[in-house]
Number of protein chains: 2
Amino acid sequence: MPAFEFSQGQMKPMLVTSAALGVVESKPVSNFVDGQSIYSDGERAGQVYRVEFGAVRVYRVLASGRRQILDFHLGGNWFGLQNEDFRRSSAEAIGTTGIKSISLRETRYIWQGLLPVVLENFSSAQEHQLVIGRQSALERVAAFLLEMSNRAGGTCRFDLFMPRIDIADYLGLTIETVSRALTKLKNGSIIRLQGTRGVEIVNYRALQNLCL
Amino acid sequence: MPAFEFSQGQMKPMLVTSAALGVVESKPVSNFVDGQSIYSDGERAGQVYRVEFGAVRVYRVLASGRRQILDFHLGGNWFGLQNEDFRRSSAEAIGTTGIKSISLRETRYIWQGLLPVVLENFSSAQEHQLVIGRQSALERVAAFLLEMSNRAGGTCRFDLFMPRIDIADYLGLTIETVSRALTKLKNGSIIRLQGTRGVEIVNYRALQNLCL
DNA sequence: CGTTAGTTTGAGGTAAGTCAACTCTAGTGG
DNA sequence: CCACTAGAGTTGACTTACCTCAAACTAACG
């Protein structure tokens, strides 16, 4: 493979295919158990990662112990790219998870593939800023369910990968408030809950209207 | 200037100098008055921008009218880079502001310069997620003052570019709550306020301790 | 010096947090 | 296959931090 594969006719480099990221395909899959650390705050940053199966939470904790989950990463998602030498967040597997990683030393060959990856993460972070900065608890939970539905491929029935505490720490709420919001959506016949992880969106439109 | 300037020995491409971004130097400075739109939600995204002087707010508004300022950009900062074809946020000048812009068509020449720019914006967004997701009003205002102090070059005396409403919409608070927090910091002799924009950090350490 | 937008202060209301009890459920072993 | 258990989730009562509404104050402009 050539080190650089520039599509000269390409007008929008941000939309270039991630073909250059193919280097990762040859890498072995590392398996992680539920809760296992992928990288930790303060460590030297040496790798970029891609989720093969399972899920990952990236989070930061304040000295006071409060935790904010910055993002969840599901199958196919890239994470762990940063400017700084040391990690300022931590990443853990949620459930049994497979990860491929490539060394940062190798990333100079795939810049044009990495840019859209980072832009996507950035866009996701901005979306999330709006949710946690300006939406009510019910709106946040509604937005979260829609986001998870989208990531699951747009199906109305899907499973949440994470426990309530992760949802709470992602949305800047408490588990009790998340639970109350879910109950309210259930009682309003907007969603149905199956067991502790299963979700079915019954009234998609109603859920969307909650996020305005 | 060569179209591509790869530093082959460079081990950390994210830390490459932004020399490639020099294309922007030859561009003319566009002047904007206070509140003038630079780009708006829904528009086709055609340019990337760099602040020459003054300041910029990038924000999104919910259908319900609530506004979240995603980031402030000061002299030297780049903004406006995205994956999508259309803007999902808006950008406005704060006070008299000078902006240089380059067309996205030209960005294919400066990928390796753009990556650190986006990573910096991303890092800033993540930091902000933690603040608005998990900190109290007083802690948010303290964090904001430290951030502005840093951006002003680490001086303890500096001027806020923006009115209280912008601070509130950045921190996910109301102007009243921002005002009360500032008053509290003033009464605790942690800061001094001069007029409506001037800030002096008297007790830097105390301010930092508030953000734990 | 007056005007007006921006900011501060105050009083009262409310959404979300806290603490505690209860319930479910998924996993384990009899 | 069912009973038991421990962890996770839900519900309720109460508290609190922030919001809302309203009024007073400042300061920056002509």
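Protein chains get the first letters and strands the later ones, always in sequence-line order, with residue 1 at the start of each.
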- request: Would you indicate what B/G198 reaches in the nucleic acid, counting non-hydrogen atoms under 4.0 angstrom: base, sugar-phosphate, or nothing?
  value: nothing
- prompt: Is a donor on one side and an acceptor on the other found under 3.5 Å between the side chain of A/S40 and the backbone of A/E43?
  reply: no
task: Report yes if at least one side-chain N or O of B/S136 is closer than 4.0 Å to OP1 or OP2 of D/dA17; otherwise report no.
output: no
- prompt: Within this structure, what is the CD-to-P distance between B/Q135 and C/dG17, rounded to whole angstrom?
  reply: 15 Å
query: Given atom NZ of A/K184 and atom C1' of D/dG12, what is their separation to the nearest angstrom?
result: 16 Å
- request: Round to a whole Å and report the spacing from CG of A/D34 to C1' of D/dG7.
  value: 13 Å
- prompt: Are OP1 or OP2 of D/dC18 and a side-chain N or O of B/T174 less than 4.0 angstrom apart?
  reply: no
query: Of the candidate nucleotides C/dT7, D/dG9, D/dT10, which contains the atom at the shortest distance from the side chain of A/T183?
result: D/dT10
message: With hydrogens left out and only the distance checked, is there a donor-acceptor pair under 3.5 Å joining A/E176's side chain and the base of C/dC19?
response: yes
- request: Would you indicate what A/L173 reaches in the nucleic acid, counting non-hydrogen atoms under 4.0 angstrom: base, sugar-phosphate, or nothing?
  value: sugar-phosphate
Whole-Å gap separating P (D/dG9) and CG (A/D166): 9 Å
query: Rounding to a whole Å, what distance do you find between B/R164:CZ and D/dA27:C1'?
result: 12 Å
A/Q82 side chain to A/R87 side chain, donor-acceptor N/O pair below 3.5 angstrom: yes
query: CG of A/D169 versus C1' of C/dG17: gap in Å, rounded?
result: 14 Å
If you restrict it to nitrogen or oxygen atoms, what contacts under 3.5 Å exist between nucleotides 23-28 of chain C and the protein, and what is each distance?
| residue | atom | partner | partner atom | Å |
| --- | --- | --- | --- | --- |
| C/dA26 | OP1 | A/T196 | N | 3.4 |

query: Roughly how many Å is it from CZ in B/R66 to P in D/dC18, rounded to a whole number?
result: 18 Å
task: State, without any angle test, whether A/T155 and A/R157 hold a side-chain donor-acceptor pair at a distance under 3.5 Å.
output: no
query: Is a side-chain N or O of B/R134 found less than 3.5 angstrom from the main chain of A/L173, in a donor-acceptor match?
result: yes
field: Exam field: side chain A/N203 to backbone A/I190, donor-acceptor pair closer than 3.5 Å
entry: no
message: If the condition is side-chain hydrogen bond (donor to acceptor under 3.5 Å, both in side chains), which residues does A/E127 pass it with, not counting sequence neighbours?
response: B/R60, B/R88
- request: Please report, rounded to the nearest Å, how far the C1' atom of D/dT10 is from the CD1 atom of A/I165.
  value: 14 Å
hbond_proxy B/R180 side chain to C/dG10 base (donor-acceptor, 3.5 Å cutoff): yes
query: Does B/T177 have a side-chain nitrogen or oxygen under 4.0 Å from the phosphate oxygens OP1 or OP2 of D/dC19?
result: yes
query: In terms of side-chain heavy atoms of B/L193, which of C/dT18, C/dA16, C/dT8 is nearest?
result: C/dT8
task: Could you verify whether a donor N or O on one side chain and an acceptor N or O on the other, from A/S179 and A/E176, lie under 3.5 Å apart?
output: no
